[in-house]
Number of protein chains: 2
Amino acid sequence: MATMDDVARLAGVSVSTVSHVLNSTRAVAPDTRSRVEDAMARLAYRRNDVARSLAQRKTRTVGVAISALTNPYFGTLVSAVNEELGSRGYAVILGDTGDEPGHEATVVERMLDQRVAGLLLAPSARAGEGTVPQVLAHGVPLVLVDRHTDADCDQVVPLNREPVEDLVHHLADLGHTRIAAVCGMAGLDTTTERLDGYRAVVAARGLDEDPALVLPGHSRADAAEDAVLHAFARPDRPSAVVVLNNAMTIGTLRALDRLGLAVPGDVALVCYDDFEWADLFRPRLTAVRQDLTTMARRAVRLLLGRVAGDDHPPVLERITPSLQHRESCGCRQAAERDARVPARP
Amino acid sequence: MATMDDVARLAGVSVSTVSHVLNSTRAVAPDTRSRVEDAMARLAYRRNDVARSLAQRKTRTVGVAISALTNPYFGTLVSAVNEELGSRGYAVILGDTGDEPGHEATVVERMLDQRVAGLLLAPSARAGEGTVPQVLAHGVPLVLVDRHTDADCDQVVPLNREPVEDLVHHLADLGHTRIAAVCGMAGLDTTTERLDGYRAVVAARGLDEDPALVLPGHSRADAAEDAVLHAFARPDRPSAVVVLNNAMTIGTLRALDRLGLAVPGDVALVCYDDFEWADLFRPRLTAVRQDLTTMARRAVRLLLGRVAGDDHPPVLERITPSLQHRESCGCRQAAERDARVPARP
DNA sequence: GTGAAAGCGCTAACAG
DNA sequence: CTGTTAGCGCTTTCAC
């Protein structure tokens with residue numbers, strides 16, 4: 001591949017002139033410029049970003065480390081981040097932490113070795129004590145997405161507690177008192193906060209507080225399926241369930257299906273995280289939908305701000321999701337049932 | 001950040017020794033080694049991959065450019081590719097072509113500037129004439145995934161025609177003669193080949209060849225929805241439909257739903273590409289499922305082979321998908337209906 | 001308006 | 001077994 005030197009020689013100028021026309025970094029005589037541009041075209045010259053990065057002691061790439069690209073949730077997030085970053089001239093280097101602290105550390109270290117200008121991370125359970133401080137120690141700008149930790153850095157995460165409260169209140173309004181919660185991997189704040197939302201409403205509304213109603217779904221479809229299978233096979237099964245992330249909703253639906261339980265007839269279901277097909281599924285799923293585009297945009301803005309030298313105290317931004325009120329909560333059914341009950345005198 | 005020089009000084013050795021212990025690239029006396037390792041630890045030294053890449057005139061990163069990360073299909077593919085590459089010490093830099101030749105070119109050029117060791121690309125419609133030759137001209141190893149072109153490079157793509165033939169044969173076996181096909185973006189070989197499969201069976205089985213049965217879905221849900229809405233509102237509507245990719249299946253289901261047409265009662269449906277929730281949906285979707293993990297593995301193997309200097313003629317690998325025979329084709333229903341018909345004497 | 005030259009942090013001969 | 005040194009291809013003072 002041609003180098004700047006080749007271009008300079010062919011154009012009869014110095015490399016520094018070539019550099020300056022390439023980067024528009026100082027005035028160049030029109031004809032000099034065009035001679036250089038010609039030479040570049042003739043040689044199919046492409047600038048070498050690795051040399052450039054070394055000379056400038058900085059890259060235009062950011063690392064994006066998330067836990068499972070196979071989850072469309074992260075696919076959408078990464079896509080939005082990538083677009084946002086791409087339009088500002090940054091490249092994205094990708095990493096999958098597998099939600100495992102050890103692996104996360106490896107992935108992040110590799111990104112540090114690549115001298116990423118900044119890092120976007122969906123932290124695993126104990127990242128607050130390991131990965132995060134390490135990155136910070138190296139002075140690389142870091143913003144956490146999706147899950148937050150108590151670490152001292154910028155974070156852009158969804159609002160977790162309140163939307164779940166709304167969901168559970170809704171179920172309670174419909175008359176349910178025995179409501180199960182399928183919850184995520186231990187240690188993630190999304191798990192904790194969403195569960196807190198559930199617990200708060202259970203307490204506030206005087207619902208059944210049976211600990212057996214809190215099902216360990218480990219943020220995975222298979223685990224959720226097992227847990228639900230187990231919990232809903234019992235005679236005292238819950239009449240409703242709130243599922244705390246998308247993967248677990250799939251598992252929950254599978255389990256309910258295997259048990260022959262109808263939604264919302266036998267059990268009302270509401271969930272955190274929406275699906276592209278949520279309005280296609282019968283019953284249509286009542287779900288809380290995150291605004292991933294906004295989350296991505298905010299995170300990128302914050303990160304590039306830091307890269308550019310912003311020096312405010314760490315901020316925590318909350319993105320408010322929206323309730324997609326559909327049918328799996330059993331609203332319609334509830335209405336019909338009420339209609340059949342004779343009105344009190 | 002500490003450099004090798006800092007480490008060398010602290011350890012009282014030369015940079016070359018540091019380099020060699022870091023890379024295990026020549027024998028080093030045990031105690032020298034440990035002095036160096038110490039120094040590294042004390043300085044929290046991390047090797048600078050950009051300097052290293054410059055010195056070695058090669059990087060350990062590969063570019064992965066696909067058309068829409070929001071599609072779980074590509075999410076899964078990229079995830080598999082990333083894992084495969086990561087385990088071999090390569091980093092992935094991500095690009096979204098948006099299936100638009102101009103944008104694809106930009107994205108790929110940026111990767112070239114980064115001096116990626118190789119490129120994995122899901123080529124857009126006219127990539128065979130533009131992007132592909134350009135990359136090849138720069139001498140960067142390239143393997144095409146998902147779609148193939150007539151370009152002279154390695155390609156790993158799904159088998160398209162035969163699986164669709166199977167799908168349409170199945171519909172014909174069930175007695176359908178008026179079968180619609182919702183097809184993808186023009187110019188993609190996946191579109192062409194899958195459509196060819198449909199046409200071949202239509203001709204072979206003497207089915208209705210009405211051109212109005214070929215619906216333009218542009219590989220997108222919204223376009224598919226429109227096309228299906230239009231085609232199935234007519235009195236002579238098809239009794240079955242084969243949808244040629246996942247996004248369009250969603251659009252098709254939406255349209256059918258809006259028209260109040262039941263699957264498979266009013267229209268039998270089969271599709272190319274499976275979904276994680278395909279067995280949850282009612283009716284369960286009869287679909288052709290791709291083996292993305294194999295596709296990723298093969299593509300990476302081929303690419304790294306080229307990076308390492310393999311010099312065989314370009315190969316075209318076909319990954320055979322598997323039929324997930326479920327209910328939307330109407331098999332069960334067909335069986336029940338047949339059962340109701342009195343047997344001939 | 002343009003060029004010379006000193007690095008950026010590392011690798012890899014080459015020498016000892 | 002270890003050190004010296006010449007680059008890798010670019011950016012960026014500093015001088016002219």
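Chain letters run A, B, ... following the sequence lines, proteins first and then strands; every chain starts at 1.
Between the CE atom of A/Met4 and the P atom of C/dG7 there is a distance of 20 Å, rounded to whole Å. Remark: C1' of D/dC8 and CZ of A/Arg47 are 18 Å apart, rounded to the nearest angstrom. Protein atom CZ of A/Arg52 is 9 Å distant from nucleotide atom C1' of D/dC10, rounded to whole Å. Note: CD (A/Gln56) to P (D/dG9) measures 17 Å, nearest angstrom. Between B/Arg46 atom CZ and C/dG9 atom P the separation is 17 Å, expressed in whole Å. D/dC10 atom P lies 9 Å from atom CG of A/Leu22, rounded to whole Å. In this structure, A/Arg33 places its CZ atom 10 Å from P of C/dT2, rounding to the nearest Å. As a whole-Å value, the separation of B/Asp5 CG from D/dT4 P is 11 Å.
Where A/His20 and A/Arg115 meet DNA chain C, the nucleotide closest to each residue was compared, and A/His20 sits on the side nearer the 5' end. Between B/Arg26 and A/Arg26, the residue whose closest nucleotide on DNA chain D is further toward the 5' end is B/Arg26. Place B/Val15 and A/Val15 on DNA chain D by their nearest nucleotides, and B/Val15 ends up nearer the 5' end.
Within 4.0 Å of A/Asn23, counting heavy atoms only, lie sugar-phosphate atoms of the nucleic acid but no base atom. Here A/Val50 lies out of heavy-atom contact (under 4.0 Å) with every strand. Within the nucleic acid shown, A/Val18 has no heavy atom closer than 4.0 Å to any nucleic acid atom. Backbone-only engagement by A/Thr17 is indicated by non-hydrogen atom pairs under 4.0 Å involving sugar-phosphate atoms exclusively. Heavy atoms of B/Thr32 sit under 4.0 angstrom from primed sugar atoms or phosphate atoms, though from no base atom.
Salt bridge absent: B/Asp49 and A/Arg115 never bring a charged side-chain N and a carboxylate O closer than 4.0 Å. For A/Asp99 and A/Arg147, the salt-bridge test passes: some basic side-chain N is under 4.0 Å from an acidic carboxylate O. Between A/Asp291 and A/Arg297 there is no salt bridge, since no side-chain nitrogen of the basic residue lies less than 4.0 Å from a carboxylate oxygen of the acidic one. Salt bridge annotation for A/Arg33-A/Asp31: absent, with no cationic side-chain nitrogen under 4.0 angstrom from a carboxylate oxygen.
Taking only distance into account, the side chain of B/Ser16 meets the base of D/dG3 through a donor-acceptor pair shorter than 3.5 Å. For B/Thr25 against C/dT11, a side-chain-to-base donor-acceptor contact under 3.5 Å is absent.
The nucleotide whose nearest atom lies closest to any side-chain atom of A/Tyr45 is, among D/dC10, D/dT12, C/dA4, D/dC10. Closest contact between the side chain of B/Leu54 and the listed nucleotides D/dC1, D/dT2, D/dC8 involves D/dC8. Distances were taken from every side-chain heavy atom of A/Val13 (C-beta onward) to each of C/dT11, C/dG3, D/dC10; the shortest belongs to C/dG3. In this structure, the nucleotide among C/dT2, D/dT12, D/dC1 sitting nearest to the side chain of A/Ala29 is C/dT2. Of the candidate nucleotides D/dC10, D/dT2, D/dC8, D/dC8 has the atom nearest to the side chain of B/Ala55. Considering only the side chain of B/Thr3, C/dC10 comes nearest among C/dT2, C/dC8, C/dC10.
With contacts defined as side-chain heavy-atom distances shorter than 4.5 Å, the pair A/Arg318/A/His148 qualifies.
For the OP1/OP2 pair of D/dT11 and a distance below 4.0 Å, the side-chain nitrogens and oxygens of A/Ser19 include at least one atom meeting the criterion.
The 12-atom threshold is exceeded at CD of A/Gln134, counting heavy atoms of other residues, nucleotides or ligands nearer than 6.0 Å.
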